[in-house]
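As a basis for the values below, the full set of heavy atoms in this structure was taken, side chains included, without hydrogen atoms, waters or symmetry mates.
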Amino acid sequence: QVQLVESGGGLVQAGGSLSLSCAASGRTFSTYAMGWFRQAPGKERKFVAAINWSGDSTTYTDSVKGRFTISRDNAKNTAYLQMNSLKPEDTAVYYCASRRYSTISYTDRMYDYWGQGTQVTVSS
């Protein structure tokens, strides 16, 4: 069993930055791929970024490419999402997730464990 706890959300002006963290419990964190998803009010949850078990493979949804960076520190059992040049349309609850495989997936149903979410609000 893996438990995930996100932190780092908040309110920021457009053009600003936030760094999200996802702390994981469990000895198997380093073997699992990780993903970040977001859900805006009244909309479905959508893929943002993912990273494989070792951190040498990452992928992003087009709208955040060049602005967001996903990373992980397996020694600390933590994944990160650095968000720069934030836009009002980035406003959402952000969730981290892990899956019991080492490779990346874009699909939320392929992830086995989820955090409780952290709110990110970008004002214009």
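- Residues passing the salt bridge (Lys or Arg N to Asp or Glu O under 4.0 Å) test with D73: none are found, sequence neighbours excluded.
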Considering only distance and modelled atom types, tabulate donor-acceptor pairs under 3.5 Å from the side chains of residues 14-21, sequence neighbours left out.
| residue | atom | partner | partner atom | Å |
| --- | --- | --- | --- | --- |
| S17 | OG | N84 | OD1 | 2.9 |
| S19 | OG | Q82 | OE1 | 3.4 |

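- Contact detail for G115 and Y95: the closest heavy-atom pair is O-CD2, 3.6 Å.
- Side-chain atoms of S57 do not come within 3.5 Å of backbone N or O of N52 as any donor-acceptor pair.
- In terms of hydrophobic clustering, with Ile, Leu, Val, Met, Phe, Trp and Tyr side chains grouped at heavy-atom distances under 4.5 Å, W36 and W53 are assigned to different clusters.
- Taking OG from S63 and CZ from F68, the interatomic distance works out to 7.5 Å, rounded to the nearest 0.5 Å.
- Atom NZ of K87 is separated from atom OG of S124 by 14.0 Å, given to the nearest 0.5 angstrom.
- When hydrophobic clusters are built by joining Ile, Leu, Val, Met, Phe, Trp and Tyr residues whose side-chain heavy atoms come closer than 4.5 Å, directly or via intermediates, L86 is grouped together with V64.
- Cluster annotation: Y80 is not connected to V48 through the hydrophobic network of ILVMFWY side chains, with a link wherever side-chain heavy atoms come within less than 4.5 Å.
- Of the possible donor and acceptor atoms, none in the side chain of N74 sits under 3.5 Å from a partner among the backbone N and O of N77.
- Residues F47 and M83 do not share a hydrophobic cluster, defined by chaining ILVMFWY side chains whose heavy atoms lie under 4.5 Å apart.
- Between the CZ atom of R99 and the CG atom of D108 there is a distance of 11.5 Å, given to the nearest 0.5 Å.
- For the pair R67 and Y60, the cation does not sit on the ring face, since its NZ or CZ is not both under 6.0 Å from the ring centre and inside 45° of the axis.
- A donor-acceptor pair is defined here as one N or O able to donate and one able to accept, closer than 3.5 Å; no such pair exists between the side chain of T107 and the backbone of R109.
- Both Y113 and L81 sit in one connected hydrophobic cluster of ILVMFWY residues. Membership requires side-chain heavy atoms under 4.5 Å apart, directly or through other members.
- In this structure, G9 and V120 approach most closely via the heavy-atom pair CA-CG2, 4.2 Å.
- One finds a salt bridge joining K65 and D62 here, because a Lys/Arg side-chain nitrogen approaches an Asp/Glu carboxylate oxygen to under 4.0 Å.
- Within 6.0 Å of atom CD in E89, more than 12 heavy atoms from other residues, nucleotides or ligands are found, so the atom counts as buried in its surroundings.
- Distance CD/Q119 to OG1/T91: 7.0 Å, rounded to 0.5 Å.
- Using cut-offs of 30° and 60° for the angle between ring planes, the W114 and F37 rings count as tilted.
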Practice item. Apply side-chain hydrogen bond (donor to acceptor under 3.5 Å, both in side chains) to R38 and Y94, showing your working. Key: CA-CA 4 Å; R38 65 187 180 186; Y94 284 70; 2.8 Å; yes

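- Shortest non-hydrogen contact noted between Y111 and S105 is OH-O, 2.6 Å.
- The structure places SG of C96 at 12.5 Å from CD1 of I51, a figure rounded to the nearest 0.5 Å.
- In this structure, E6 contributes its side chain and Q116 its backbone to a donor-acceptor pair below 3.5 Å.
- Put simply, the side chain of M34 reaches to within 4.5 Å of the side chain of L4, judged on heavy atoms.
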Exercise for review: Step by step, work out the side chain to side chain contact (heavy atoms under 4.5 Å, CB included) result for F29 and R72.
Suggested key: CA-CA 10 Å; F29 172 83; R72 66 189 297 160; 3.5 Å; yes

